[in-house]
Amino acid sequence: MAAGGNPLREASQAAALALQAFPGRVPSEALHRLRVALRQLQSRLPRDAATVAVHRALREVLRASSPLRDRDVLLAELRRLGMTAVARAYAAEQAAARAAFAAGPALAGLQAALAALPPPLAAATTTVPLRKPLRRLARQLQAPVFEGTADAMAGSASDWHGLRLAVKKCRYALGRRREAAWQPPLAALLRRLQDGLGRWHDREQWLAVAAQDARLAPAVAQWQQEAARELAVIRPLLPTLARLVAQARGAS
């Protein structure tokens, strides 16, 4: 844990501020900040009888907001590619979906659950447990697709998606802790992998949408190439990740 910090209190405050700021002057940025804050709180909040309602509400908001975030990223890509007519159509759908989300039960339920959180728990100093996310990441790295020198595109999308989620959860659990020698290099590598896997995942999502929407056909070949390129960059980093994870598990 970072010196002088209180991960749970900071995460609770960040989540409350993000909820107050939504949807914000730039809605896509406000949504992204909200989701990051909620995931940080989710990783730091203990799991017991007093927090069941909050964890349930966090999962519901993240689930309900995921399509909005995916469409925000797609919109930015369409504008970057100059596909303005298609972007306008998606933007109109996004505005309606965002308004429904903002007025819907998920956000109201989370606000109520956070307000009911016992003050001693909300103010408690906690150390985020690393053992479980490290074990999950180590198990994911043992999948056959990640062993040896297989082609970057070998394996299913679910293999890579599982790795992305395991990397993300481990990174959130690690937080700002830097007191052990293995923590800074692991944190740096997790961030690099999360960014790369996030870019790969975006393209997988766009390709899935394109399979149902012929208007996106002009971008399909580029997205396929970019997805393959991201995995080709990521694969050589996995042995280093496995070594750092093993070192972390031995020390935790």
Side-chain angles (χ1 to χ4, degrees), residues 22-36 38-39 59-104 106 140 143-146 149-169 171 190-238:
F22 186 81
R25 187 174 62 85
V26 182
S28 60
E29 292 181 7
L31 179 63
H32 179 60
R33 285 194 296 269
L34 175 64
R35 286 173 58 80
V36 169
L38 297 188
R39 288 198 182 281
R59 287 194 302 271
E60 178 58 23
V61 171
L62 289 168
R63 183 202 63 77
S65 62
S66 185
L68 293 177
R69 179 59 181 163
D70 290 343
R71 194 180 287 117
D72 277 340
V73 178
L74 175 57
L75 273 168
E77 174 70 1
L78 293 175
R79 289 163 179 155
R80 186 184 71 83
L81 295 176
M83 300 173 67
T84 54
V86 184
R88 281 196 297 270
Y90 273 90
E93 296 173 6
Q94 181 72 334
R98 196 188 308 277
F101 171 71
Q140 190 68 36
V145 66
F146 301 129
T149 58
D151 179 79
M153 292 302 289
S156 66
S158 63
D159 293 319
W160 291 99
H161 182 60
L163 178 64
R164 185 181 74 90
L165 295 179
V167 164
K168 180 184 292 188
K169 288 184 178 297
R171 186 182 173 206
L190 288 173
R191 178 172 183 174
R192 183 176 178 185
L193 289 169
Q194 185 178 342
D195 289 345
L197 287 165
R199 289 188 294 268
W200 165 81
H201 179 69
D202 288 340
R203 282 145 185 83
E204 285 291 303
Q205 294 291 101
W206 302 341
L207 289 168
V209 176
Q212 305 297 322
D213 189 344
R215 295 173 299 176
L216 302 181
V220 165
Q222 178 176 332
W223 291 341
Q224 289 173 334
Q225 293 168 3
E226 290 173 348
R229 187 161 58 243
E230 291 295 343
L231 296 188
V233 171
I234 289 166
R235 179 176 288 283
L237 303 175
L238 298 185

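- For the atom pair Arg71 CZ and Ser28 OG, the distance stands at 13.0 Å (nearest 0.5 Å).
- Residue Arg191 qualifies as open at atom CZ: its count of foreign heavy atoms under 6.0 Å is 12 or below.
- Considering every non-hydrogen atom in both Leu190 and Val167, the closest pair reads O-CG1, 3.6 Å.
- Not a single donor-acceptor pair under 3.5 Å links the side chain of Glu230 to the backbone N or O of Leu197.
- Atom CG of Asp70 and atom CD of Gln94 lie 9.5 Å apart (nearest 0.5 Å).
- Of all non-hydrogen atoms in Arg35 and Leu62, the two that sit nearest each other are NH1-O, 3.0 Å.
- Rounding to the nearest 0.5 angstrom, the gap separating the CD atom in Gln140 from the CG atom in Leu165 is 8.5 Å.
- Between the side chain of Arg203 and the backbone N or O of Gln224 there is no donor-acceptor pair closer than 3.5 Å.
- Heavy-atom minimum distance, Ala214 versus Pro218: O-CD, 4.3 Å.
- Atom CZ of residue Arg229 and atom CG of residue Leu231 lie 11.5 Å apart, to the nearest 0.5 angstrom.
- Between Leu238 and Leu163, the closest side-chain pair of non-hydrogen atoms falls below 4.5 Å.
- Inter-residue side-chain proximity for Gln205 and Val73 is flagged as unmet; no heavy-atom pair is nearer than 4.5 Å.
- A side chain to side chain donor-acceptor pair (under 3.5 Å) with Gln194 is found for one member of Arg171, Arg164, Arg199 and no other, namely Arg171.
- The distance from atom CZ of Arg69 to atom CG of Leu34, rounded to the nearest 0.5 Å, is 11.0 Å.
- Of all the heavy atoms in Leu75 and Ala91, the pair that sits closest is CD2-N, 3.6 Å.
- Contact annotation: the side chain of Arg192 approaches that of Leu237 to within less than 4.5 Å [non-hydrogen atoms, C-beta and beyond].
- Residues Gly196 and Ile234 come closest through the heavy atom pair C-CD1, 3.6 Å.
- Closest approach of Ala97 and Leu68 over heavy atoms only: CB-CD2, 3.6 Å.
- The aromatic rings of Trp206 and Trp223 sit tilted, their planes meeting at an angle between 30° and 60°.
- Put simply, the side chain of Arg39 reaches to within 4.5 Å of the side chain of Lys168, judged on heavy atoms.
- The stretch residues 63-97 participates, sequence neighbours left out, in no ring pair (Phe, Tyr, Trp, His ring centres under 6.0 Å) pair at all.
- Looking only at side-chain heavy atoms (C-beta outward), Asp202 and Glu77 stay at 4.5 Å or farther from each other.
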*Could you walk me through whether Val145 and Arg235 pass the side chain to side chain contact (heavy atoms under 4.5 Å, CB included) check?*
CA-CA 10 Å; Val145 66; Arg235 179 176 288 283; 3.8 Å; yes
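- Aromatic ring orientation, Trp160 versus Trp200: tilted (interplanar angle from 30° to 60°).
- Partners of Arg59 under the side chain to side chain contact (heavy atoms under 4.5 Å, CB included) rule, at least two apart in sequence or in another chain, are Gln42, Arg47, His55, Arg56.
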